[in-house]
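Here the structure comes first, spelled out in structure tokens, and everything after it is commentary.
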Amino acid sequence: MQNSKKHIKMNIFDNLKTTLINCFNDLYNKDITTETISFQYTREEFKGDITLVVFPLLRFTKKSIQESTKEIGDYFISNNKYTNGYNIIKGFLNFEISTTYWIKFLDNILPNKNFGYKQTNKDSDNIMIEYSSPNTNKPLHLGHIRNNLLGFSVSEIIKANGKNVIKVNLVNDRGIHICKSMLAWQKWGKNSTPESTNKKGDKFVGDYYVLFDKEYKKQVKELISQKIPENEAKKNAPLLLEAQEMLRKWENGDTQTVELWQKMNSWVYKGFDQTYKKLGIDFDKIYYESQTYKLGKQIVLDGLKKNILIKKDDGSIWADLTNDGLDQKLLLRNDGTSVYMTQDIGTAHQRFNEYNLSKHIYVVGNEQNYHFQVLKLILKKLNYNWADNIFHLSYGMVELPEGKMKSREGTVVDADDLIDEMIYTAKIKSQELGKLDGFSENEKNKIYQQLAMGALKYFILKVDPKRNMMFNPNESIDFNGNTGPFIQYSYVRIKSILRKAKQNNISTKTINEKIKICEKAKKIIKTLYKYPETINEAAKNYSPALIANYAYNLAKEYNQFYQEYQILKEKNKDLINFRLNLSKKTAEIIKSSLALLGIETPERM
RNA sequence: GGUCUAGUAGCUCAGUUGGAUAGAGCAACAGCCUUCUAAGCUGUGGGUCACAGGUUCGAAUCCUGUCUAGAUCACCA
């Protein structure tokens with residue numbers, strides 16, 4: 001708490017803004033509001049630290065750009081103790097902030113282990129985030145990986161930004177698709193199990209789903225050859241009728257069917273848990289659709305009573321959204337059963353009531369944009385004041401060179417296969433470099449796994465969630481350049497230095513403010529300075545990509561510094577102390593920012 | 001057809017309240033390890049920011065139109 005207070009006091013932008021407001025009062029007798037002020041970090045290629053864009057202020061100064069800029073600059077030199085100098089380029093006023101300020105700032109944050117994080121307390125907002133939400137008839141693929149990593153990372157980022165986060169998973173464990181797997185297993189499974197076939201449970205069940213589809217298509221073809229129209233054939237293939245019968249039995253609670261359903265689902269869960277574990281993601285609460293699919297029905301009936309919804313002649317109930325430029329949406333079938341939308345209305349209502357949520361985020365692919373648009377609109381029409389607090393974190397598809405991944409056509413990148421491949425690549429790469437010789441097999445495997453997941457997670461999370469992204473299975477995910485392992489490597493090198501320092505009994509202490517520091521070091525401090533605002537932006541925009549870019553940038557800057565300057569062999573003791581502190585803090589922030597992406601940092605690699 | 005999203009270097013991507021000469025990585029080429037871990041660092045080449053207008057001191061960014069790609073418009077979830 002104290003640290004954050006100090007930090008606020010140390011906020012250089014606020015400080016400059018205050019001076020600027022005073023400046024306009026004193027020089028031009030004008031009150032300017034903070035909104036009209038545009039301070040920004042000075043671009044690399046120019047001298048200076050922070051830039052004031054003077055153009056928008058000309059209407060207050062009523063003087064030429066040259067004159068105004070110079071007057072403001074001079075005012076800062078004599079009235080702002082952190083401003084050491086300035087230069088003017090084309091109406092951009094570049095202030096040079098004193099080195100002492102940056103050193104003081106670094107010294108200030110050294111003891112703060114949670115620098116950049118906002119604390120939560122009992123008054124913090126509750127935010128629920130639903131992600132993953134798999135079907136229990138298909139193994140996880142790369143698209144799910146993106147969903148899972150995004151959901152987890154966004155949760156961590158929002159937590160770091162001072163909110164209570166409740167991570168939930170809504171498992172889609174019921175419906176006709178599950179019955180298809182069940183039926184296929186019953187018919188052709190010969191009582192085999194994942195154990196007896198030595199298969200991962202979700203893969204095992206997934207195979208029967210595929211088998212159903214294959215046999216079903218055969219039947220349809222057969223029927224068509226008997227001159228039955230395609231539509232009819234598809235609807236009346238015996239297998240499909242059997243599956244539908246099974247669903248009815250399940251809904252009526254038929255003991256045998258429910259038992260089979262439970263058995264097969266438990267296999268799938270076991271498989272999913274393995275994959276979740278490998279991905280390093282978790283949930284605070286798991287919902288099952290089999291328990292929630294009837295929710296929302298009452299709400300719909302109430303809506304009908306209040307004439308918000310409409311009933312058609314056949315008895316089905318709809319929301320009419322045509323006045324909002326959308327279509328009509330079915331909410332209850334004429335037999336009284338509910339649909340996907342009905343359930344989502346119900347679960348949202350339940351969750352907002354139960355948890356006093358200030359926001360509910362759904363991490364779901366952009367193919368469902370329409371669904372969530374409709375959901376929100378219906379909730380609004382039903383007069384729920386929290387309707388505006390649901391947010392669809394819509395992310396883009398992962399595309400392969402030949403197009404979108406399609407489970408049924410087998411053009412998917414399997415999650416487990418990909419992870420295993422990555423670990424193998426990490427192992428080969430590491431063995432080539434031979435830096436882990438002498439480690440135990442366990443230690444090595446742990447590191448391979450950390451590097452592999454670092455590469456995979458960074459690869460996915462560095463891309464803006466909103467955008468579709470491309471994955472080419474023929475080009476393996478890189479371990480060099482703008483990658484997770486690059487950032488991990490930077491961390492490892494710092495840790496190596498810190499170990500050496502300890503061996504030589506060099507301990508860090510308060511930094512001497514008067515030392516001269518190089519531009520590279522100053523640049524690193526400035527980047528550290530940006531960490532809190534980066535977390536804030538990432539949370540606001542639900543974008544782990546901002547954190548990923550930040551971490552990469554920090555690591556890159558440190559590597560440049562590392563290359564050019566010796567740390568432990570420097571003669572000046574004050575400089576050693578400064579560089580050691582700088583390195584230590586950089587390592588901490590690298591670790592912290594990677595943690596927000598769910599990426600671990602090994603101590604050696 | 002309606003709606004929504006996107007189009008930036010050969011490839012994968014940054015570029016977020018409009019700001020300076022549009023940046024990285026990969027790939028290619030040329031350098032740097034007896035010195036804190038070379039999964040690193042330095043350099044070279046590579047761009048009509050899809051196209052055309054508009055708004056203004058200033059546009060990759062905002063607006064309009066066109067082209068291209070994807071998603072969606074289910075009594076599936």
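Labels below follow one simple rule: chain letters A, B, ... track the order of the sequence lines, proteins then strands, and each chain is numbered from 1. When reading the values below, keep in mind they use all heavy atoms of this one structure, side chains included, and skip hydrogens, waters and symmetry mates.
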Classify the nucleic acid contact of [X] as base, sugar-phosphate or nothing, counting any heavy atom under 4.0 Å across all strands shown.
X      : answer
A:Y491 : nothing
A:L546 : base
A:L58  : nothing
A:Q566 : base
A:E564 : nothing
A:N137 : nothing
A:T337 : nothing
A:K429 : base
A:Y340 : base
A:V492 : base

Measuring from the side chain of [X] (C-beta onward, heavy atoms only), which nucleotide among [options] has the closest atom?
X      : options             : result
A:E289 : B:A77, B:U37, B:A14 : B:A77
A:D327 : B:A20, B:C73, B:A77 : B:C73
A:D314 : B:C75, B:C73, B:A14 : B:C75
A:I567 : B:G70, B:C41, B:C36 : B:C36
A:K404 : B:U16, B:A71, B:C36 : B:A71
A:Q40  : B:G7, B:C75, B:G19  : B:G19
A:T51  : B:A71, B:C36, B:A20 : B:A20
A:M469 : B:C36, B:U16, B:C13 : B:C13
A:E399 : B:A77, B:G70, B:C36 : B:G70
A:Q563 : B:A77, B:G7, B:C41  : B:C41

Q) Side-chain donor or acceptor of A:N541 under 3.5 Å from a matching atom on the base of B:U16? A)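 Such a pair exists between side chain and base.
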Problem set entry | Aromatic ring proximity A:Y41/A:F13, centre distance under 6.0 Å |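 They qualify: ring centres under 6.0 Å apart.
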| query | Can you check whether A:V463 reaches A:M469 side chain to side chain, under 4.5 Å on heavy atoms? | reply | yes
Can you check nucleotides 21-25 of chain B for protein contacts, nitrogen or oxygen pairs under 3.5 Å, and list what you find?
unit_1	atom_1	unit_2	atom_2	d
B:U21	OP1	A:K90	NZ	2.7
B:G23	OP1	A:R43	NH2	3.4
B:A24	O2'	A:Y552	OH	2.9
B:G25	OP1	A:K556	NZ	3.2
B:G25	O2'	A:N482	N	3.2

From the list A:N265, A:D202, A:D173, side chain to side chain donor-acceptor pair (under 3.5 Å) partner of A:T136 resolves to A:N265
Checklist entry - Are A:F55 and the base of B:G19 stacked, counting only ring centres nearer than 5.5 Å and planes tilted under 30°? => result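 Stacking is present between B:G19 and A:F55, given that their ring centres fall under 5.5 Å apart and the planes under 30°.
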cation_pi(A:K312, A:W318) dist<6.0 Å, angle<=45: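 Yes; both conditions hold, so A:K312 lies above the ring face of A:W318.
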Centre of A:F439's six-membered ring, under 6.0 Å away, within 45 degrees of the axis: is that where NZ or CZ of A:R604 sits? no
| A:S316 (side chain) donor-acceptor with A:R333 (main chain) under 3.5 angstrom |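 Between the backbone of A:R333 and the side chain of A:S316 there is no qualifying donor-acceptor contact (under 3.5 Å).
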Exercise. So, the side chain of A:E570 versus the backbone of A:N572: is there a donor-acceptor pair under 3.5 Å, distance only?
Worked result: yes
Base orientation of B:C33, chi within 90° of 0 counted as syn, else anti, reads syn
From A:F391, A:F372, A:Y542, residue fulfilling ring pair (Phe, Tyr, Trp, His ring centres under 6.0 Å) relative to A:Y362: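 It is A:F372; the other options fail the test.
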